[in-house]
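Working notes, beginning with the structure itself.
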There are 2 protein chains.
Amino acid sequence: MKFESATIKDIAKALNLSTSTVSRALRGSFEISAETKKQVLEYAEKINYRPNPIALSLKERRTRSLGVVVSEIANNFFSQAINGIESIAYNRGYHVTISQSHESGEREKVNIQHMAARGVDGLLVSLSSESVDLSFLKELHDKGLPMVFFDRVTQEIITHTVVANNYLGSFQATEHLLQQGYRRIAHLTSSPHLSITRERLEGYKDALAKYHLPFEESLLRNCPHGGMIQDEVEDALNSLFKGKNSPDAIFTAGDRLTMTCFGLLKRLNPQRHIGFTGFTNTQVGDLFAPSLTVVRQPAFEIGQSATELLIQMIESKRPVTEFQNKVLDTELIIRESSMKMK
Amino acid sequence: MKFESATIKDIAKALNLSTSTVSRALRGSFEISAETKKQVLEYAEKINYRPNPIALSLKERRTRSLGVVVSEIANNFFSQAINGIESIAYNRGYHVTISQSHESGEREKVNIQHMAARGVDGLLVSLSSESVDLSFLKELHDKGLPMVFFDRVTQEIITHTVVANNYLGSFQATEHLLQQGYRRIAHLTSSPHLSITRERLEGYKDALAKYHLPFEESLLRNCPHGGMIQDEVEDALNSLFKGKNSPDAIFTAGDRLTMTCFGLLKRLNPQRHIGFTGFTNTQVGDLFAPSLTVVRQPAFEIGQSATELLIQMIESKRPVTEFQNKVLDTELIIRESSMKMK
DNA sequence: ATCGTTATCGGCATCGTTTGCGTAAAAAAA
DNA sequence: TTTTTTTACGCAAACGATGCCGATAACGAT
């Protein structure tokens with residue numbers, strides 16, 4: 001089953017012209033007579049001619065498409081970020097190819113290499129939680145493939161980055177819980193490799209320090225799959241609530257993690273009140289019971305900003321040497337789940 | 001800023017061979033000596049040679065990528081369906097290019113034509129609510145571009161389709177509300193043009209008929225943007241609850257519509273109890289207050305099934321003339337929101 | 001010595017489009 | 001009329017890879 005489209009040759013043959021004349025007529029070159037031009041334009045319109053973007057890509061060595069790598073689409077943060085990416089990309093004439101790593105480093109590598117082999121003009125990357133060996137990305141970067149990291153970034157590759165103010169968002173959320181009177185705040189987070197994990201942990205620690213509380217390893221849990229695997233979260237919660245020194249509040253550091261943990265908390269511990277807040281971009285936090293106190297990231301804007309920087313790099317004549325590291329503020333939306341029961 | 005990659009010519013030049021020899025050596029042709037083959041393979045590995053997919057696409061007239069058109073990614077149903085699409089596509093060696101129509105017919109047309117102009121080997125389409133003139137799609141279909149419709153389908157183009165059993169899902173949900181004792185069940189749905197709208201309306205009507213209740217126009221509301229525009233839903237709800245004959249239950253026919261309506265219902269009518277259920281693929285229906293009775297569609301499986309059919313069409317030698325119309329069952333998950341208060 | 005085989009490789013066209021260069025005919029200048 | 005300029009177009013190369021055909025050499029058979 002093949003799909004045939006009209007080419008410039010078909011027009012040339014039909015009108016007894018050369019392909020070069022047709023090509024020039026189509027793009028309105030001044031060295032083609034008005035008459036010929038009109039003829040060509042009319043015929044092209046008639047047979048609904050569309051230039052073959054693949055041939056153009058081969059010639060111009062560009063595809064006008066951007067590659068996006070995220071861990072999961074079915075994640076409020078990422079789907080909103082992708083909306084931001086798309087809104088800029090399409091306005092600037094770029095396509096968007098999306099691939100998911102599902103938090104697998106191997107999958108991420110395969111997807112990126114597949115896209116990079118001339119499939120895309122640039123890459124928007126949010127690393128997977130398994131990503132440790134980034135040498136394949138570094139190679140692509142060294143070869144000149146433009147890339148911008150967002151959300152989950154790396155220091156190993158020097159380029160533009162766009163992230164939320166994870167430190168401050170985490171600090172504010174933790175401080176809010178402390179202000180409410182909670183004193184044993186557990187922190188449920190993703191893989192320790194990730195930049196967001198480290199930054200959010202720092203904010204959490206510093207907020208504790210401000211209230212002269214020690215950081216306790218025993219209140220920290222890592223779920224490398226970020227809430228995608230329910231058992232991982234369930235194990236973490238069970239171990240947290242096993243002893244007698246169990247936490248009185250939980251602060252989660254990721255969209256899926258927040259949702260999964262919130263659900264499990266209701267199931268596993270329905271009787272006890274646990275203060276709760278977490279990073280999530282859900283738009284229905286006020287519909288939950290209890291309504292959810294959340295740290296919201298400017299996902300759409302992060303996507304937009306990263307895309308603008310990427311396109312700017314792609315279209316720059318000379319190699320870019322000055323890089324921006326954008327940090328956008330989060331928003332703490334306080335609802336019932338973090339309130340202290342009397 | 002350009003990204004240069006090694007080509008077959010570089011290998012040929014370096015090894016003093018012709019490009020054809022290198023090409024054949026790379027794909028292990030038997031008419032190349034073992035020695036040359038080894039030389040080529042080794043050098044290719046050394047410079048990390050990757051065939052240029054664009055050049056291959058031009059030659060083989062295929063791109064090994066699939067185009068997906070949905071209204072919104074940030075929609076539980078679609079993001080899960082895309083996961084299904086991706087799971088099959090990547091296993092079969094296809095890329096996935098996603099575009100959103102945002103329920104705009106114009107945007108949909110532009111995106112599809114952009115992708116179709118040789119950008120993709122086939123299309124997976126869920127129509128936008130504004131889609132009325134499908135002539136551009138029909139043209140592409142007539143030219144031989146393989147396409148499969150899922151979720152929101154059309155009769156105008158004869159090809160494979162994969163949908164949920166919208167009629168039955170709607171019937172069961174409505175019947176459930178009726179069994180609970182509700183008698184004035186409003187139906188909030190999307191654009192009347194959509195197949196899903198019609199099918200779900202039929203199920204709703206037939207369930208009413210089974211209980212000898214008349215269908216009342218005054219209990220039907222269309223929100224063409226499917227819950228993406230809050231005001232649309234708010235207006236619909238306000239007009240429903242204006243008179244004295246206001247509904248005692250609401251049944252919504254779409255993911256975003258369900259979420260938006262559920263939120264508004266709590267805000268606008270906090271005092272009165274309204275029975276509620278709707279189509280949605282949210283994974284956290286049990287976390288809401290009240291927990292949400294939902295009609296869940298097998299989104300992942302729908303995506304998988306549609307993709308399998310599409311790839312089968314693409315790889316078929318001769319035009320496909322027998323088409324499947326798959327219908328997958330929905331699941332009614334009963335929770336508190338649809339319970340009748342005593 | 002001549003021919004046929006076989007093994008191994010190169011030349012060239014091709015996919016669709018753009019573009020630098022060349023050139024015929026027509027128009028303008030001499 | 002001759003020369004120069006302009007107009008309007010064609011030729012061919014290029015992008016990267018493939019594949020049909022043809023070329024060359026070595027070798028055995030006749």
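Numbered from 1 within each chain, the chains take letters A, B, ... in sequence-line order. What you see below is based on every heavy atom in this structure, not just the backbone, and it leaves out hydrogens, waters and symmetry mates. Here the structure is a predicted model, which is why all the values come from computation and not from measurement.
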note: A:R62, atom CZ; C:dT18, atom P; distance rounded to Å ~ 14 Å
A:S131 meets the side chain to side chain contact (heavy atoms under 4.5 Å, CB included) criterion, sequence neighbours left out, with A:E108, A:L127, A:S128, A:L134
Exercise for review: For A:Y49, answer base if it contacts any base atom (sugar-phosphate contacts may also be present), sugar-phosphate if it contacts only those atoms, and nothing otherwise; contact means non-hydrogen atoms under 4.0 Å.
Suggested key: sugar-phosphate
Residues at least two apart in sequence or cross-chain that pass side chain to side chain donor-acceptor pair (under 3.5 Å) with A:Q312, listed by chain then number, are none
Please confirm whether the shortest side-chain N or O distance from A:R61 to OP1 or OP2 of D:dG16 is below 4.0 Å.
yes
Can you tell me if A:K9 touches the phosphate of C:dT14, counting only side-chain N or O atoms and a distance under 4.0 Å to OP1 or OP2? no
Separation of C:dT18 atom P from A:I54 atom CD1, nearest Å, is 14 Å
Using a cutoff of under 3.5 Å, can you pull out all pairs of nitrogen or oxygen atoms linking the protein to nucleotides 27-29 of chain C, with atom names and distances?
none

Checklist entry - Salt bridge or not for A:R92 and A:E315, using N-O below 4.0 Å? => result yes
| Is the shortest side-chain N/O distance from A:K59 to OP1 or OP2 of C:dC15 below 4.0 Å? | no
For B:Y90, the side chain to side chain contact (heavy atoms under 4.5 Å, CB included) test, sequence neighbours excluded, returns A:S99, A:R107, A:N111, B:E86, B:H95, B:V96
Write out a two-atom table: protein N or O, nucleotide N or O from nucleotides 24-26 of chain D, distance below 3.5 Å.
none

To the nearest angstrom, the CG-C1' distance between A:N52 and C:dC15 comes to 8 Å
d(A:H160 NE2, A:E322 CD) to nearest 0.5 Å is 9.5 Å
In numerical order, the residues of residues 31-48 of chain A whose heavy atoms come under 4.0 Å of DNA chain D are A:E31, A:I32, A:S33, A:T36
If we only count heavy atoms from C-beta on, is the A:Y94 to A:S65 side-chain gap below 4.5 Å?
no
Across all chains, not counting sequence neighbours, the salt bridge (charged side-chain N to carboxylate O under 4.0 Å, His left out) partners of B:E130 are none
Any side-chain heavy-atom pair from B:V148 and B:T161 closer than 4.5 angstrom? no
side-chain hydrogen bond (donor to acceptor under 3.5 Å, both in side chains) between B:S23 and B:S20, worked out: CA-CA 5 Å; B:S23 172; B:S20 17; over 6 Å; no
Across all chains, not counting sequence neighbours, the side chain to side chain contact (heavy atoms under 4.5 Å, CB included) partners of A:L41 are A:L26, A:K37
Sorted by chain and residue number, the ring pair (Phe, Tyr, Trp, His ring centres under 6.0 Å) partners of A:H225 (sequence neighbours excluded) come out as none
Ranking A:E60 and B:L58 by the position along DNA chain C of their nearest nucleotide, the one closer to 5' is B:L58
Across all chains, not counting sequence neighbours, the side chain to side chain donor-acceptor pair (under 3.5 Å) partners of A:S135 are A:D133
The side chain to side chain contact (heavy atoms under 4.5 Å, CB included) partners of A:V163 (sequence neighbours excluded) come to A:V153, A:N166, A:V327
Per the under-4.0 Å heavy-atom filter, residues of residues 10-29 of chain B near DNA chain C come out as B:N16, B:L17, B:S18, B:S20, B:T21, B:R24
Atom CD1 of A:I8 and atom P of C:dG16 are separated, to the nearest Å, by 11 Å
CD1 of A:I112 to CG of A:L123, rounded to nearest 0.5 Å, is 5.5 Å
